[in-house]
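Data block below; observations after.
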Amino acid sequence: MTKPKLLLLDGNSLAYRAFFALPLLTNSQGVHTNAAYGFTMMLQNILEEHHPEQILVAWDKGKVTFRHETFKEYKGGRQKTPNELREQFPIIRDILTAHGIAQYELEAYEADDIIGTLANLYNDSHDVIIISGDKDLTQLVTDKTTVFITRKGITDMEKYTPEHVMEKYGITPPQIIDMKGLMGDSSDNIPGVPGVGEKTALKLLKQYETVEGVYEHLDDITAKKLNENLTTYRDQAFMSKQLATIEVNAPIDVPADMMNYAGPDLEKLREQYEMLESKRLLDQLKGDAPSEMQVEISYVTFDREEGIVWPEKASLHIELDGDNYLTDPVLVMTMAMAGKEGSEGVYTFDERQIAEYESLKVWLEDETIIKYASDTKAIQSVLHRYGIALRGVQYDLLLASYIADASNAQKEIAQLAEELTLPYEVRRDEDVYGKGAKRQVPEFDVYTYHAATKAKAVWDSVPIVEEQLKESEQYELFHDLELPLASILSEMETEGIAVDETVLQTLGKDLSERLAMLESDIYTLAGETFNINSPKQLGVILFEKIGLTPIKKTKTGYSTAADVLEKLEHEHEIIALILLYRQLGKLNSTYVEGLQKEIHTDGKIHTRFQQALTTTGRLSSINPNLQNIPIRLEEGRKIREAFVPSHEGWKLFAADYSQIELRVLAHISEDEKLIDAFQRGADIHTETAMNVFHVSREEVDSNMRRAAKAVNFGIIYGISDYGLSQNLNISRPEAKKFIDTYLHTFEGVKRYMDKSIEIARKRGYAETLMNRRRYLPDLNSSSFNVRSFAERTAMNTPIQGSAADIIKRAMIDMNARLKEEGLQAKMLLQVHDELIFEAPAEEIAILEKIVPEVMEQTIQLRVPLKVDSASGASWYEV
DNA sequence: GTGGGACTCT
DNA sequence: CATGAGAGTCCCACT
């Protein structure tokens with residue numbers, strides 16, 4: 001006979017978990033819904049997993065509990081429940097009611113005690129299962145009571161049986177209480193014994209079993225400090241144990257049949273889910289009816305090359321073990337194609353087949369065979385490993401969905417497939433492989449099926465997404481700009497840039513010595529040693545021990561940001577040392593040590609450019625980031641000496657757009673003065689200074705030019721008078737005057753700023769020269785901050801985004817031109833407004849002519865584009 | 001493992 | 001009322 005299952009849920013704790021596990025969602029009424037949604041998802045999982053006969057959700061009741069009589073600081077110092085969560089408790093209760101689930105609370109008791117008491121009562125007659133986010137509950141574990149504690153997210157739970165507790169801690173469940181008594185619990189403000197942490201507590205308990213046992217054998221404990229602490233805090237230890245003990249005999253009155261679980265009232269549940277505006281939950285409700293047809297994808301594998309019928313068109317996917325397509329191993333390649341005689345469904349090939357099947361290579365390299373994929377850059381890069389040159393790609397789901405809406409950045413095929421409501425499930429990688437340390441590759445059939453669904457989803461998405469792009473007039477941007485760029489980026493990443501490791505090693509030695517000296521000087525000035533890299537510890541030293549005036553605060557304490565410290569620089573000599581220490585520390589850890597770790601066996605660094613990530617259309621660079629190699633300060637700039645040509649007799653060559661964003665601003669704002677200045681080839685910052693300060697060219701000094709430069713940057717980013725005043729260290733009225741004068745002078749810019757916001761609000765998105773869009777729903781936000789941010793975005797995105805469009809097109813033109821000219825020169829890197837090449841020395845003269853020419857002529861604006869270039873033996877010299 | 005704060009770039 | 005756009009990586013502190 002199996003006993004009935006009784007499920008006891010810790011309502012408060014699970015609601016907290018749900019709240020913090022999910023982003024702050026709201027429905028259209030502005031009501032927060034994340035905790036309610038998360039709680040519901042948890043509940044569904046739990047019900048599905050356990051199928052209980054009886055269930056009850058326990059809630060905390062009352063700010064003050066009986067524990068406060070013992071210790072009035074119990075749970076003191078705890079963060080107040082956020083209002084965004086508090087307002088969701090009634091919703092959660094309504095959802096539980098709709099589910100037909102009993103709830104219980106008791107004045108002056110916590111949910112723990114209700115659960116403990118019920119578990120105690122029903123332990124013999126039922127299989128009791130307790131679910132909470134609070135590990136304290138594990139003290140209730142017995143042979144007949146199992147406790148599940150949430151881990152990360154909302155569905156991952158850890159199961160505690162007596163065996164698991166023993167395995168994990170080496171103690172029995174009741175000893176959990178003793179452990180808390182000794183080590184305390186900072187989240188409940190239970191003090192415990194100072195100096196005793198988990199390790200010490202467990203060691204003591206393994207030997208003496210209980211807190212009482214420990215004190216009976218106090219004399220046997222020889223560790224002096226420990227013995228002292230135990231002696232001094234004896235009362236506190238016993239009190240802590242008492243506080244940590246869950247009450248199992250609370251005066252509760254729950255008739256057994258009240259907890260019977262009969263199942264939900266679907267109509268009420270639908271009302272609740274509608275309020276949450278969760279399509280997923282509503283679909284699930286409907287899903288109870290057989291309306292949702294889930295299709296199973298079938299695939300074929302081959303055991304010989306002969307006889308394979310190659311399609312004229314197919315989608316292509318390569319499943320990797322990891323996310324770095326330049327280095328991680330291949331699991332399987334899949335191809336989905338039209339159903340037609342002799343070739344249909346999904347083909348799969350394992351790694352050996354990719355490497356060996358000549359007909360596959362021919363098919364992949366055939367330009368006339370149309371391929372569709374998601375992240376073709378990755379696929380092209382992987383195939384390159386096998387000496388295969390992928391051709392004929394006409395579609396890329398990752399890029400297409402990013403172009404359609406940049407907030408789709410980095411979405412998995414799983415999510416895109418779900419949004420396209422394809423009639424089969426594409427699982428998320430995390431669900432298939434697990435996450436972090438628990439990640440592992442499942443069986444062949446599992447990942448192959450997974451890869452098959454991806455190829456199928458890509459195939460099925462083509463007509464839908466292409467239509468969508470044509471509708472929004474973005475097909476050209478997608479097909480003629482991003483798609484060819486993907487291929488070029490793949491070549492750049494695969495090529496890599498050579499690095500002279502000895503340069504880094506020499507720099508590293510020098511830096512380490514200087515850091516050591518700085519460190520000891522800082523300790524001397526501070527009068528003690530501490531971790532300079534810890535803003536928290538540094539704040540204490542500067543603002544409490546030394547007594548400097550805190551200028552700004554962060555969420556977590558004093559701000560020690562560079563701009564804050566710079567204001568304090570004249571007050572104490574330690575400041576300058578700290579600033580220098582942090583700069584050099586960054587150089588050493590990120591650039592000297594970090595870059596060395598990224599050097600492959602070919603002596604090169606192969607960054608990856610993320611093409612479907614930024615909201616403005618820029619690229620980004622990872623593993624490592626080669627778009628933020630130091631240049632501003634000489635010490636950092638030396639890092640660039642390590643980047644060298646890959647062949648003897650070659651040189652590096654760099655070409656960068658001068659003031660591309662201001663030129664784009666001149667073009668789209670049609671501001672006469674700005675256009676005129678660029679057409680005359682004037683120095684734009686000097687020109688701005690002349691206008692803002694009403695002086696002649698000769699009267700512009702370096703300070704005025706510097707201020708004008710800051711104003712120009714500020715204009716592009718939508719700065720406030722406050723921001724400019726901070727930046728230039730001037731008064732706010734002065735800053736306001738600068739901005740006003742600027743906008744009065746450059747009327748067209750003023751008009752642009754107003755108009756760009758208005759247009760974006762009307763259309764719902766900001767747009768670049770090449771029809772890239774960024775949706776800005778926040779322009780209608782009721783929050784000033786959120787709205788202001790969106791307004792600045794509406795002004796900045798067309799500028800930054802158009803500049804990104806331009807250099808992308810230049811890269812495509814440049815690639816074609818290098819081929820045309822039959823040069824060996826290779827494009828290696830892009831840094832937003834700059835292209836880095838390497839070439840034989842004798843080609844440099846040609847590059848000096850054609851690179852600026854191509855970059856300047858790639859688009860015709862109302863102002864000329866200007867490109868500067870340089871060459872040298874390392875990146876430092878260009 | 002995650003978030004904050006620091007530094008780096010255009 | 002908070003306060004300049006877009007990024008990535010490292011370290012610390014906390015879960």
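Since this is a predicted model, take the numbers as computed values, not measurements. Every heavy atom of this structure was used, including side-chain atoms; hydrogens, water molecules and symmetry mates were not. Chain identifiers are assigned alphabetically (A, B, ...) following the order of the sequence lines, protein sequences preceding nucleic acid strands; residue numbering begins at 1 within each chain.
Backbone-only contact: Ile631(A) has heavy atoms under 4.0 Å from sugar-phosphate atoms and none from a base. If you check every strand for non-hydrogen atoms under 4.0 Å, Thr560(A) touches sugar and phosphate atoms only. Nucleic acid contact class of Ala804(A) (heavy atoms, under 4.0 Å, all strands): none. Ala803(A) comes within 4.0 angstrom of no nucleic acid atom, judged by non-hydrogen atoms across all strands. Within the 4.0 angstrom heavy-atom criterion, only backbone atoms of the sugar-phosphate kind lie near Leu613(A); the bases stay farther away. Within the nucleic acid shown, Gln726(A) has no heavy atom closer than 4.0 Å to any nucleic acid atom. Across all strands, Ser788(A) comes closer than 4.0 Å to no nucleic acid atom at all (heavy-atom distances). The residue Gly723(A) sits close only to the backbone: its heavy atoms come under 4.0 Å of sugar-phosphate atoms, none of a base. Within 4.0 Å (heavy atoms only), Asn623(A) reaches sugar-phosphate atoms of the nucleic acid but no base atom. Counting non-hydrogen atoms under 4.0 angstrom, Asn628(A) reaches a base of the nucleic acid. Residue contacts for Ser589(A): at a heavy-atom cut-off of 4.0 Å it reaches the sugar-phosphate backbone alone, with no base atom in range. Within 4.0 Å (heavy atoms only), Asp721(A) reaches no atom of the nucleic acid at all.
At whole-Å resolution of the value, OH in Tyr402(A) and C1' in dA7(C) are 11 Å apart. Atoms NZ (Lys536(A)) and P (dA6(B)) sit 14 Å apart, rounded to a whole Å. Atom pair Gln611(A):CD and dG8(C):P shows a separation of 14 Å (rounding to whole Å applied). Counting to the nearest Å, the P atom of dT10(B) and the CG atom of Leu835(A) are 14 Å from each other. Atom pair Gln627(A):CD and dC9(B):P shows a separation of 13 Å (rounding to whole Å applied).
Salt-bridge check for Glu544(A) with Lys536(A): failed, with every basic side-chain N at 4.0 Å or more from each acidic carboxylate O. Contact check on Arg809(A) versus Asp805(A) returns no salt bridge, with no Lys/Arg side-chain nitrogen under 4.0 Å from an Asp/Glu carboxylate oxygen.
Judged by centroid separation below 5.5 Å and plane tilt below 30°, Phe784(A) does not stack onto the base of dC1(C). Put simply, Tyr717(A) does not rest on the base of dG4(C): the two rings are not both less than 5.5 Å apart at their centres and under 30° in tilt.
Under a cut-off of 6.0 angstrom, the local environment of NZ in Lys545(A) is crowded, with over 12 non-hydrogen atoms contributed by other residues, nucleotides or ligands.
Both Tyr722(A) and His832(A) lie close to DNA chain C; mapped to their nearest nucleotides by heavy-atom distance, the more 5′-ward contact belongs to Tyr722(A).
With no hydrogens or angles considered, no side-chain donor-acceptor pair links Tyr402(A) and Gln410(A) at under 3.5 Å. With hydrogens and angles left out, the side-chain atoms of Lys411(A) and Asn408(A) include a donor and acceptor closer than 3.5 Å.
For dT10(B), the base has a donor-acceptor partner in the side chain of Arg618(A) [N/O atoms by modelled type, under 3.5 angstrom].
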